[in-house]
There are 2 protein chains.
Amino acid sequence: MTTMLAHPTRDEIRIASVLHALADPVRLEIVRALAVHEEGISCGLLPLGVTASTLTHHVRTLREAGVVRVRPQGTSRISSLRRDDLDALFPGLLDGVLAARR
Amino acid sequence: MTTMLAHPTRDEIRIASVLHALADPVRLEIVRALAVHEEGISCGLLPLGVTASTLTHHVRTLREAGVVRVRPQGTSRISSLRRDDLDALFPGLLDGVLAARR
DNA sequence: ATCGTACTACGACATTCATCAAAGTACGAC
DNA sequence: GTCGTACTTTGATGAATGTCGTAGTACGAT
């Protein structure tokens with residue numbers, strides 16, 4: 001757990017990376033959950049049906065793309081949506097994705 | 001060239017498929033070009049730097065995801081953005097993607 | 001210090017996928 | 001019909017990726 005937790009700055013976020021990060025069912029589910037919990041949550045609590053190591057991979061993908069921000073808290077990692085950055089860069093994108101009924 | 005050119009109906013379009021279709025640099029470029037040409041264009045004319053068979057693959061991916069509509073015209077295929085359907089299903093998504101500066 | 005919990009790192013594996021080349025099909029022009 | 005153009009199909013290939021298990025690290029509680 002020694003890792004740095006690097007996050008891209010706002011101007012480093014690329015639309016292609018964001019779209020790729022969102023284009024996975026598990027990650028989409030994570031994003032949907034984070035959209036409901038503004039304050040952020042530990043993704044390990046979500047009923048996603050994948051192992052812990054797979055979840056780590058997905059959260060890292062979202063973090064490195066600039067979709068979520070992750071902060072350590074005790075033995076947990078609290079993830080939250082970078083809504084402000086995403087809305088500023090790609091206005092409407094996140095709302096459009098979240099509006100999807102399926 | 002006997003192919004059916006099947007398109008998903010609006011209610012068959014899935015957000016995961018759309019995001020996957022958009023999450024490729026070449027396909028993003030196609031979508032950007034189509035956004036400028038409301039009437040539709042032959043994608044073969046775009047300077048995309050890929051072979052014809054690769055282009056066929058990308059246009060099919062976009063078509064099957066419901067992002068573009070393709071109609072035969074002579075020996076060409078005219079592609080156009082399904083903006084109405086996408087805006088209805090995922091309001092803001094397309095505009096957000098197109099607003100991206102990089 | 002020991003234990004349990006939460007997460008990460010490293011491999012391994014199977015699948016998906018972007019890409020191309022070669023051969024084939026459809027259409028228009030001549 | 002013949003030719004050329006535009007696109008598709010098939011097969012191959014290498015890279016990326018989602019998944020897991022195992023082992024390891026960090027932190028809190030006892």
Side-chain angles (χ1 to χ4, degrees), chain A residues 1-7 14-34 37 39-65 67-80, chain B residues 1-7 14-34 37 39-65 67-80:
Chain A
M1 229 127 124
T2 313
T3 333
M4 306 255 205
L5 281 234
H7 293 77
R14 296 289 171 271
I15 182 65
S17 304
V18 170
L19 289 170
H20 171 257
L22 295 176
D24 174 274
V26 174
R27 292 195 291 263
L28 249 190
E29 209 51 51
I30 293 173
V31 168
R32 276 194 230 276
L34 293 183
H37 300 276
E39 73 285 2
I41 55 174
S42 165
C43 294
L45 303 178
L46 299 172
L48 295 169
V50 295
T51 64
S53 50
T54 298
L55 182 57
T56 293
H57 163 250
H58 285 307
V59 174
R60 180 179 43 199
T61 299
L62 288 168
R63 171 175 54 80
E64 291 178 347
V67 178
V68 307
R69 196 173 299 277
V70 184
R71 65 173 195 277
Q73 180 168 297
T75 73
S76 296
R77 300 289 178 100
I78 305 299
S79 301
S80 54
Chain B
M1 226 125 125
T2 313
T3 332
M4 308 256 204
L5 281 235
H7 292 76
R14 296 289 170 272
I15 182 65
S17 304
V18 170
L19 289 170
H20 172 257
L22 296 176
D24 174 275
V26 174
R27 292 195 290 264
L28 248 189
E29 210 49 51
I30 294 174
V31 168
R32 276 194 231 274
L34 294 182
H37 300 278
E39 72 285 1
I41 56 174
S42 165
C43 294
L45 304 177
L46 299 172
L48 296 169
V50 295
T51 64
S53 51
T54 298
L55 182 56
T56 293
H57 163 250
H58 285 307
V59 174
R60 181 180 41 198
T61 300
L62 288 167
R63 171 174 54 80
E64 291 178 346
V67 177
V68 308
R69 196 173 300 276
V70 185
R71 64 172 195 278
Q73 179 166 297
T75 73
S76 296
R77 301 291 180 98
I78 305 299
S79 300
S80 54

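Chain letters run A, B, ... following the sequence lines, proteins first, then strands; residues in each count from 1.
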Please state how far atom [atom1] in [X] lies from atom [atom2] in [N], giving the value in whole angstrom units.
X	N	atom1	atom2	value
B:E64	D:dT8	CD	P	11 Å
A:Q73	C:dT5	CD	C1'	15 Å
A:R60	C:dC10	CZ	C1'	10 Å
A:L55	D:dT17	CG	C1'	16 Å
B:R77	C:dT25	CZ	P	15 Å

Test of understanding: with salt bridge (Lys or Arg N to Asp or Glu O under 4.0 Å), list the residues that count as partners of B:R69, not counting sequence neighbours.
B:D85
Worked check of side-chain contact (heavy atoms from CB on, under 4.5 Å) between A:S79 and A:V59:
CA-CA 8 Å; A:S79 301; A:V59 174; 3.9 Å; yes
Identify each atom pair where a protein N or O and an N or O of nucleotides 12-18 of chain C are less than 3.5 Å apart, giving names and distance.
from: C:dC17; atom 1: OP1; to: B:H20; atom 2: NE2; distance (Å): 3.2
from: C:dA18; atom 1: OP1; to: B:R27; atom 2: NH1; distance (Å): 3.4
from: C:dA18; atom 1: OP1; to: B:R27; atom 2: NH2; distance (Å): 2.9
from: C:dA18; atom 1: OP2; to: B:H57; atom 2: NE2; distance (Å): 3.0

Across all chains, not counting sequence neighbours, the side-chain contact (heavy atoms from CB on, under 4.5 Å) partners of A:T54 are A:V50, A:T51, A:H58
Does B:S17 have any side-chain contact (heavy atoms from CB on, under 4.5 Å) partners at least two apart in sequence or in another chain, and if so, which?
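For B:S17, the residues satisfying side-chain contact (heavy atoms from CB on, under 4.5 Å) (neighbours in sequence not counted) are B:R14, B:A65.
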Rounded (10°) bend between the five-pair end axes of the helix from C:dA1-D:dT30 to C:dC30-D:dG1
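For the helix from C:dA1-D:dT30 to C:dC30-D:dG1, the axes at either end differ by 30°.
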Contacts to DNA chain D from residues 44-53 of chain A, heavy-atom cutoff under 4.0 Å, which residues?
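Within this stretch, A:V50, A:T51, A:S53 sit under 4.0 Å of the strand.
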